[in-house]
Amino acid sequence: MAPDQKTSTPQKIPTAKPSILAPAGNRASFFAALAAGADAVYCGLKQFSARMTAENFTPEELARLVAMAHDRGTAVYVAMNALVKPDELDQAGSLAATLAGYVRPDAVIIQDLAFVELLRRAGFGGQIHLSTLAAVTFASGLKTAAALPGVSRVVLPRELTIDEIRQMAAACPSGLDLEIFIHGALCYGVSGRCYWSSYLGGKSGLRGQCVQPCRRMYSQGNKSGRFFSCLDLSLDVLVKPLLGIPEIAAWKIEGRKKGPHYVYYTVTAYKILRDEGTDPVMKKNALQYLEQALGRPPTHYYFLPQRRFSPTSQGEETASGCFIGNVMAGGQNSHVSPRFDLLGGDLLRIGYEDRPGHYIYKVGRSVPRHGRLHLKIPPAKMPAKGTPVFLIDRMEPSLSQRIREMENGFGQQPEPSSRPVKSKPFAPFRKKAVMSPRELDVYRFWPRSRRPRTDIGLWLSEENLRQAAGKKDLASCWLWLPPVIWQEDADKIQGWVDQALRGRARRFVVNAPWQLSLFKHPEPLEIWVGPFCNLTNPLSLAMVAGMGCAGAIVSPELAGADFFLLGNRSPLPLGIVVAGAWPLCLARTAPADLEEAKPFLSPRKEPARIVNNGGCFWIYPDWLLDIQKQRDRLEKNGYSLFVRLVEPLPEGLSVKKRPGDWNWETGLT
């Protein structure tokens with residue numbers, strides 16, 4: 001149904017309007033964002049983007065698009081939000097120089113702290129935005145983020161409630177603003193804390209290569225389903241409270257892998273909700289636009305603290321695209337009765353992407369709602385009765401015409417005034433002397449027994465502090481902070497840090513650089529950055545060294561060759577996780593249909609389990625990370641702290657014996 005036609009004077013908003021930030025994974029989607037009147041467009045190059053499976057852009061192409069966007073008053077942000085491996089700094093530096101001197105976007109979105117320095121060296125004059133992958137999840141951490149040179153914005157996690165967002169905004173330092181996701185696909189794992197794709201095959205989500213194992217079928221006992229496959233976030237009419245938070249500078253729409261139809265409709269809808277959302281008719285129009293945007297079923301997720309919704313639902317179809325119905329009848333009589341009108345040229349996917357035999361079908365002519373679309377498919381490809389059908393892309397004639405006009409304008413765009421440039425190669429990093437080799441066992445709870453001549457580490461918790469009260473060895477214990485601190489838990493964890501400091505604790509491991517904000521003690525402390533900080537190159541290590549860290553436990557995702565290269569170039573003493581239980585991912589919610597602490601199986605019958613570790617649900621495979629056989633080689637290559645993560649097993653479960661070398665041999669892509 002077409003939205004009601006009405007024009008009205010935009011409503012006055014009590015604060016400055018947040019910009020509508022549109023995604024673009026290809027030129028057609030970029031033009032659709034411009035046609036819809038987006039205030040800014042974000043996109044990626046063909047390297048160092050966290051959406052490498054999108055089409056993305058060359059520097060030459062993007063330089064012309066930036067000029068076109070600027071002519072229309074639209075800003076362009078470039079996502080360089082992937083991790084940089086130890087041997088990629090020269091390549092990343094050249095790309096930063098190309099952005100600064102040739103493409104000239106308004107902002108660059110980053111995850112890896114190395115890009116702060118790379119962009120500075122390149123003379124980049126735009127803004128630097130910290131991606132949601134950087135996991136700035138609590139208010140006091142914003143001060144640490146704002147201290148990084150050039151950083152002027154933080155993209156908040158999707159999991160925050162409106163109350164937490166307000167608290168983050170209230171603590172936002174001068175010169176820093178916030179960006180919030182309002183629409184688009186949800187990941188089950190917390191951004192920056194998901195290793196599922198990498199752990200099962202070396203395709204790292206932190207490098208834009210995720211193969212989405214969370215979207216697959218899993219089973220537990222007699223139950224099976226897509227337990228981790230999320231609905232789409234859609235704040236729709238709930239965006240109204242965000243208008244009263246001036247620190248929120250941008251509303252972000254996820255979707256760099258989506259087509260121009262999605263981009264145009266979502267941008268149009270949220271512009272209406274921002275500018276005319278108090279008008280009932282216009283609000284209805286906006287909701288109708290969102291219904292036509294070809295997304296999954298929507299959820300408000302955690303936005304309303306009094307009505308938190310799970311992002312997963314076994315009662316809804318969560319494959320990419322908009323579910324339109326199931327195949328009816330069978331064989332030559334196969335047809336679909338769509339839930340809404342189909343247009344000639346619409347693209348359908350028959351079946352799931354991760355199932356064999358799925359088929360892309362182009363609609364020949366329009367089909368009305370509840371009409372009949374006969375499927376003219378080769379007999380060998382004919383789907384079974386009941387197969388789900390999804391609308392994955394469409395292009396209305398009017399939008400197609402506008403995109404063609406912009407494509408013609410793109411072809412007439414003059415060559416940029418300068419050419420891509422290369423930065424100078426990095427000089428070798430000055431290696432800092434390593435400390436004497438040490439073994440560190442990290443426990444979830446205070447251990448009853450421990451290995452001799454081994455340092456003890458403890459995850460910071462109220463129970464562990466109570467157990468440690470009065471013990472002489474608290475001063476030598478390594479206290480580990482959680483990988484994610486949600487704003488609702490921040491005061492509690494700040495209290496635990498203060499209590500530990502009063503108890504003479506002096507060694508800490510932070511698992512996000514922003515957790516340094518929790519330490520205000522005047523006495524010297526030994527603070528290391530932990531493995532969940534995802535440090536993968538010498539320049540990011542130099543950045544955390546400049547923030548006052550004494551050492552770093554590097555990302556366990558890397559390949560063996562990467563570990564050796566990094567160890568020989570590090571400006572800090574290095575640690576590495578050589579054994580123990582490493583999670584596939586961390587999430588804020590558990591699927592309602594799975595039981596905790598009981599095994600569930602992947603499509604390949606790989607067991608895993610969900611454990612509530614306070615604040616987050618950790619998903620563990622039932623085999624352990626184990627590269628202890630490489631210890632001597634690692635020590636010769638500069639590593640001095642060897643970490644074992646000791647996790648209790650639920651009663652009745654055991655771990656399987658299988659290779660636990662992760663990406664050591666296979667490599668990381």
Side-chain angles (χ1 to χ4, degrees), residues 50-51 53 131-133 135 137 155-161 181 183-201 203-220 223-234 254-255 257 295-303 308-321 352-354 482-484 486 532 534 557 582-604 606-621:
R51 286 290 183 272
T53 51
S131 166
T132 187
L133 287 162
T137 56
V155 185
L156 296 182
R158 296 166 174 86
E159 293 87 352
L160 296 185
T161 68
F181 281 93
H183 197 92
L186 286 169
C187 293
Y188 175 73
V190 177
S191 291
R193 300 294 181 265
C194 185
Y195 310 91
W196 207 328
S197 177
S198 173
Y199 207 88
L200 298 182
K203 300 286 188 180
S204 174
L206 301 177
R207 286 175 55 83
Q209 301 286 355
C210 182
V211 297
Q212 297 187 315
C214 59
R215 298 282 181 191
R216 297 172 183 168
M217 292 285 290
Y218 292 85
S219 62
Q220 187 181 65
K223 298 179 295 186
S224 65
R226 298 178 186 273
F227 299 116
F228 304 98
S229 186
C230 291
L231 308 170
D232 278 2
L233 177 68
S234 180
E254 185 279 337
K257 292 174 66 177
R296 300 177 181 90
T299 177
H300 294 150
Y301 197 13
Y302 263 33
F303 189 74
R308 300 186 185 190
F309 292 96
S310 170
T312 63
S313 173
Q314 290 305 296
E316 302 278 5
E317 295 286 358
T318 55
S320 62
Y352 290 100
E353 292 171 289
D354 62 348
V484 180
W486 300 114
F532 291 94
N534 304 319
E557 266 200 285
W582 186 264
L584 297 175
C585 80
L586 278 70
R588 200 170 189 183
T589 60
D593 300 302
L594 284 185
E595 295 183 63
E596 294 175 31
K598 291 188 177 181
F600 63 87
L601 299 177
S602 76
R604 295 185 178 181
E606 299 155 319
R609 66 187 188 277
I610 303 174
V611 178
N612 186 349
N613 281 330
C616 276
F617 292 88
W618 298 47
I619 298 182
Y620 291 107

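In what follows, residues are counted from 1 in the order of the sequence shown. Because the structure is a prediction, the values reported are computed rather than measured.
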Side-chain heavy atoms of [X] within contact of [Y], under 4.5 Å:
X: Thr589; Y: Tyr301; answer: yes
X: Phe617; Y: Ile619; answer: no
X: Pro583; Y: Phe532; answer: yes
X: Leu133; Y: Leu206; answer: yes
X: Cys230; Y: Arg215; answer: yes
X: Phe181; Y: Leu156; answer: no
X: Ser224; Y: Met217; answer: yes
X: Trp196; Y: Cys210; answer: no

Can you name the closest pair of heavy atoms from [X] and [Y] and give their distance?
X: Trp486; Y: Gly615; answer: NE1-O, 2.9 Å
X: Ser234; Y: Pro298; answer: CB-CB, 3.6 Å
X: Lys223; Y: Asp593; answer: NZ-O, 2.6 Å
X: Pro483; Y: Arg193; answer: O-NE, 3.0 Å
X: Glu159; Y: Gly189; answer: OE2-O, 4.1 Å
X: Pro213; Y: Leu200; answer: CB-CD1, 4.5 Å

Short side-chain to backbone donor-acceptor contact, [X] and [Y], under 3.5 Å:
X: Ser197; Y: Val211; answer: yes
X: Glu606; Y: Pro621; answer: no
X: Arg296; Y: Asp232; answer: no

Steps toward side chain to side chain contact (heavy atoms under 4.5 Å, CB included) verdict (Phe227, Ile610): CA-CA 12 Å; Phe227 299 116; Ile610 303 174; over 6 Å; no
Side chain to side chain contact (heavy atoms under 4.5 Å, CB included) assessment of Leu233 paired with Glu254: CA-CA 9 Å; Leu233 177 68; Glu254 185 279 337; over 6 Å; no
Face-on cation placement of Arg226 at Tyr352 ring, 6.0 Å and 45° thresholds: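 Here Arg226 passes the 6.0 Å and 45° test against Tyr352.
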From OG1 (Thr318) to CG (Leu186), nearest 0.5 Å: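 With rounding to 0.5 Å, OG1 (Thr318) is 11.0 Å from CG (Leu186).
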Gap separating the CZ atom of Arg609 from the CG atom of Leu594, nearest 0.5 angstrom: 14.0 Å
Worked verdict on Arg158 versus Arg588 for side chain to side chain contact (heavy atoms under 4.5 Å, CB included): CA-CA 10 Å; Arg158 296 166 174 86; Arg588 200 170 189 183; over 6 Å; no
No-hydrogen, no-angle side-chain donor-acceptor test under 3.5 Å, Tyr195 and Asn534: yes
Modelled atom types, side-chain donor and acceptor of Tyr188 and Gln212, under 3.5 Å: no
Output field: ring centroids Phe600/Phe228 closer than 6.0 Å: yes
